[in-house]
Amino acid sequence: MKVLGVDDYGIYQLIGGMVTMFALLGGSMSSASQRFITYALGREDREDIKKVFATSITLHIIIGIMVVFILEVVGGYFLYNHLEIPDGRLTAAFWTLQCSILAFYLNIISIPYNSLIIAHERMEAFAYLSILDGVLKLLSVYLLYIIHFDKLVVYSVAILVSSSLIRLLYTIYCKKQFEEAKRVKFGIEKRFFKEMAAFAGWNIWGSGSAVLRNQGVDIFMNMFFGVTVNAAKGLCNQVQNAVYQFVTNFQSAVNPQLTKSVAQHDLVRIHALIFQGSRFSFYLLMLLSVPLILHTQYVLSLWLVEIPDYTVHFIQWTMVYLLFDTQSRFLVTSIMATGEIRNYQIVVGGVKLLALPIIYVCFKLGLGPLAGIWVNVLLECVCLTLRLRYNNKLLKINIEHYIIEVFLRCWSVFVMAMFVSWLLMEVFPLHSLWTILISVFISTGTIYAMGMKGRERRFVSTKVIKAIAKIRR
């Protein structure tokens with residue numbers, strides 16, 4: 001943001017958000033591809049894997065072309081008629097939109113390859129390519145210092161090129177590693193097309209409600225508070241994505257196991273994966289959330305010269321939202337794995353969309369930009385409750401046991417770590433860097449003492465002792 005400036009950064013986030021809003025079709029098909037490929041792997045049906053993969057690729061190409069057409073028409077209409085773009089930046093905003101649309105198309109046609117990697121649990125590929133992705137994005141920022149042209153356009157093109165390279169590498173990896181990706185016979189298997197289309201159709205409502213809610217809030221913020229608040233929200237989104245990526249890698253490793261367990265009707269393993277996965281996802285996110293909430297201003301000052309208004313509070317409340325959200329991730333995966341998602345998506349998607357009228361009224365009443373996140377936090381609690389109910393119905397999850405072992409245990413650990421870290425920060429006014437390290441240490445100790453069961457503590461202790469022994473050698 002330092003190089004682009006607040007206005008250009010706000011434009012980039014706004015235009016990128018418009019494209020993301022229409023990515024729900026691809027996201028829905030991604031969930032369908034991943035579910036059906038993983039389910040077939042769980043049943044050890046190699047022929048079905050090939051048919052699902054080929055059908056998925058064909059559908060994604062068709063969907064990509066359709067959505068590009070919609071984006072060109074609808075995106076251009078909103079850009080020139082409804083969005084508040086600063087004077088003289090409309091042309092740059094147009095090219096930003098074009099780059100975002102092309103990047104979207106390249107991403108959507110490579111989704112089946114990503115799903116294949118996840119289904120086969122080859123997480124090392126994601127680790128290496130995520131590092132490369134981060135390096136390429138840093139190079140994109142560096143280009144702004146050495147190329148003397150419109151910085152917003154340069155940045156948009158650079159992000160497009162880096163995204164395209166990452167997508168290409170994912171495709172090459174799959175073709176070399178997996179038999180079903182080496183020689184793909186393009187076409188649509190009617191049986192899988194019908195099942196995947198039904199799954200994706202209902203998933204569109206659920207995924208679309210979340211995307212429409214998020215983008216709707218950004219548009220409302222633009223309408224009521226201007227592009228500066230969009231810049232603050234954009235920075236918050238970047239922090240949110242970076243922090244949650246830390247947890248997503250862990251969840252991506254567990255999700256295929258959970259789906260395969262559902263395919264095998266192994267209720268004992270399903271329950272164990274949901275309970276342990278939910279707790280440890282929360283703990284991983286907590287290790288970053290506690291120091292970030294307590295030291296948001298300091299962390300941002302290391303990154304930015306000028307911090308837009310509301311950025312600090314946006315990030316703090318978003319961390320709270322993410323903690324609630326992460327407790328739902330495996331509950332969502334288990335429901336998706338069953339394939340019985342119609343009623344779930346209708347109800348939970350409807351609750352998410354309630355955020356839009358509520359937030360609009362809040363802004364109209366003058367409650368300020370933070371009201372948007374407060375409403376989302378409250379509704380996420382409602383969604384968590386509904387997901388528990390559906391898991392109880394479909395997979396016999398004990399709700400009371402989940403509340404005690406996961407929800408209350410996790411939040412007790414979080415509150416204790418926050419309180420002790422804040423208390424030490426007040427009593428011993430050290431440099432922020434030291435208090436951040438101390439809060440991470442306190443969070444780790446609290447998780448070990450309060451958050452883990454005896455068997456888990458023994459497992460961790462054994463691993464730590466072995467690691468120390470190796471270092472000493």
Side-chain angles (χ1 to χ4, degrees), residues 24 27-43 52 56 111-112 114-123 126 195-196 198-200 202-207 209-210 244-285 322-345 347-349 352 380 383-399 401-402 405-407 410:
L24 60 95
S28 299
M29 284 307 302
S30 174
S31 298
S33 299
Q34 190 171 321
R35 186 267 175 185
F36 282 93
I37 291 172
T38 308
Y39 201 90
L41 279 172
R43 295 170 54 196
V52 170
S56 179
I111 283 174
N114 292 23
S115 300
L116 197 60
I117 293 174
I118 294 173
H120 282 279
E121 301 181 50
R122 299 290 184 86
M123 300 309 164
F126 282 109
E195 293 178 1
M196 292 174 70
F199 186 95
W202 289 114
N203 203 35
I204 284 172
W205 174 254
S207 301
S209 62
Y244 206 69
Q245 187 63 41
F246 185 63
V247 183
T248 300
N249 292 333
F250 167 74
Q251 292 174 341
S252 296
V254 178
N255 284 339
Q257 300 176 43
L258 183 53
T259 301
K260 291 171 186 176
S261 297
V262 173
Q264 296 162 2
H265 307 289
D266 188 347
L267 288 179
V268 174
R269 181 161 172 75
I270 290 169
H271 295 173
L273 288 171
I274 291 174
F275 278 64
Q276 286 187 311
S278 297
R279 285 194 294 112
F280 282 94
S281 289
F282 187 97
Y283 297 152
L284 285 172
L285 183 59
L322 288 179
L323 287 168
F324 280 108
D325 179 74
T326 196
Q327 291 189 310
S328 291
R329 290 303 91 204
F330 291 114
L331 296 174
V332 173
T333 300
S334 59
I335 296 171
M336 294 295 173
T338 66
E340 299 180 30
I341 65 171
R342 184 190 63 181
N343 293 338
Y344 164 77
Q345 295 289 22
V347 174
V348 174
K352 289 180 180 179
E380 184 59 33
C383 290
L384 175 60
T385 303
L386 292 169
R387 287 162 183 149
L388 273 173
R389 297 281 296 179
Y390 277 101
N391 269 272
N392 172 258
K393 178 182 178 181
L394 297 171
L395 297 167
K396 310 303 180 185
I397 286 287
N398 188 311
I399 295 177
H401 188 48
Y402 182 93
E405 290 297 322
V406 178
F407 187 83
C410 288

Stepwise, does the side-chain contact (heavy atoms from CB on, under 4.5 Å) test hold for Phe407 with Leu388? CA-CA 11 Å; Phe407 187 83; Leu388 273 173; over 6 Å; no

Run the side-chain contact (heavy atoms from CB on, under 4.5 Å) test on Met196 and Val52 for me, step by step, so that the C-alpha distance in whole Å, both residues' side-chain angles and the decisive distance to 0.1 Å come before the verdict. CA-CA 9 Å; Met196 292 174 70; Val52 170; 4.3 Å; yes

Walk me through whether Tyr344 and Leu386 qualify under side-chain contact (heavy atoms from CB on, under 4.5 Å). CA-CA 8 Å; Tyr344 164 77; Leu386 292 169; 5.9 Å; no

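Heavy atoms only, all atoms of each residue included: Met336 and Phe199 are closest at O-CE1, 3.4 Å. Across every non-hydrogen atom of Val262 and Ser334, the tightest pair is CG2-O, 4.4 Å. Contact between Tyr39 and Thr259 at its shortest, heavy atoms only, is N-CG2, 4.1 Å. Closest approach of Arg329 to Tyr244, counting heavy atoms only: CG-OH, 3.0 Å. Taking both residues in full, the closest heavy atoms of Ile397 and Asn392 are given as O-ND2, 2.8 Å, listed atom of the first, atom of the second, then distance. Nearest approach of Ser252 to Ile118, heavy atoms of both residues: O-CG2, 4.0 Å.
Using modelled atom types and a 3.5 Å distance limit, the side chains of Thr326 and Gln251 yield a donor-acceptor pair. Judged by distance alone, the side chains of Asn391 and Tyr402 never bring a donor and an acceptor atom under 3.5 Å apart.
A donor-acceptor pair under 3.5 Å is absent between the side-chain atoms of Trp202 and the main chain of Gln345, judged by distance alone. A donor-acceptor distance shorter than 3.5 angstrom exists from the side chain of Ser209 to the backbone of Gly206, with no hydrogens or angles considered. When atom types are taken as modelled, the side chain of Lys260 and the backbone of Ala119 share a donor-acceptor pair closer than 3.5 angstrom. With Arg35 contributing its side chain and Ala337 its backbone, the two residues share a donor-acceptor pair below 3.5 Å.
Within the model, atoms CD1 of Ile117 and CD1 of Ile37 stand 10.5 Å from one another, a figure rounded to the nearest 0.5 Å. Here the OG1-CG distance, from Thr333 to Leu273, works out to 10.5 Å after rounding to the nearest 0.5 Å. Taken from OG1 in Thr338 to OH in Tyr390, the straight-line distance is 11.5 Å, to the nearest 0.5 Å. Lys393 contributes atom NZ, which lies 11.0 Å from atom CD1 of Ile335 (distance to the nearest 0.5 angstrom). Note that the OG atom of Ser261 and the CG atom of Asp266 stand 5.5 Å from one another [nearest 0.5 Å]. The CD atom of Glu405 lies 14.0 Å from the NE2 atom of His271; values are rounded to the nearest 0.5 Å.
For Tyr283 and Phe280, the ring centers sit closer than 6.0 Å to each other.
Side-chain atoms of Leu384 and Leu331, non-hydrogen and from C-beta on, do get closer than 4.5 Å to each other.
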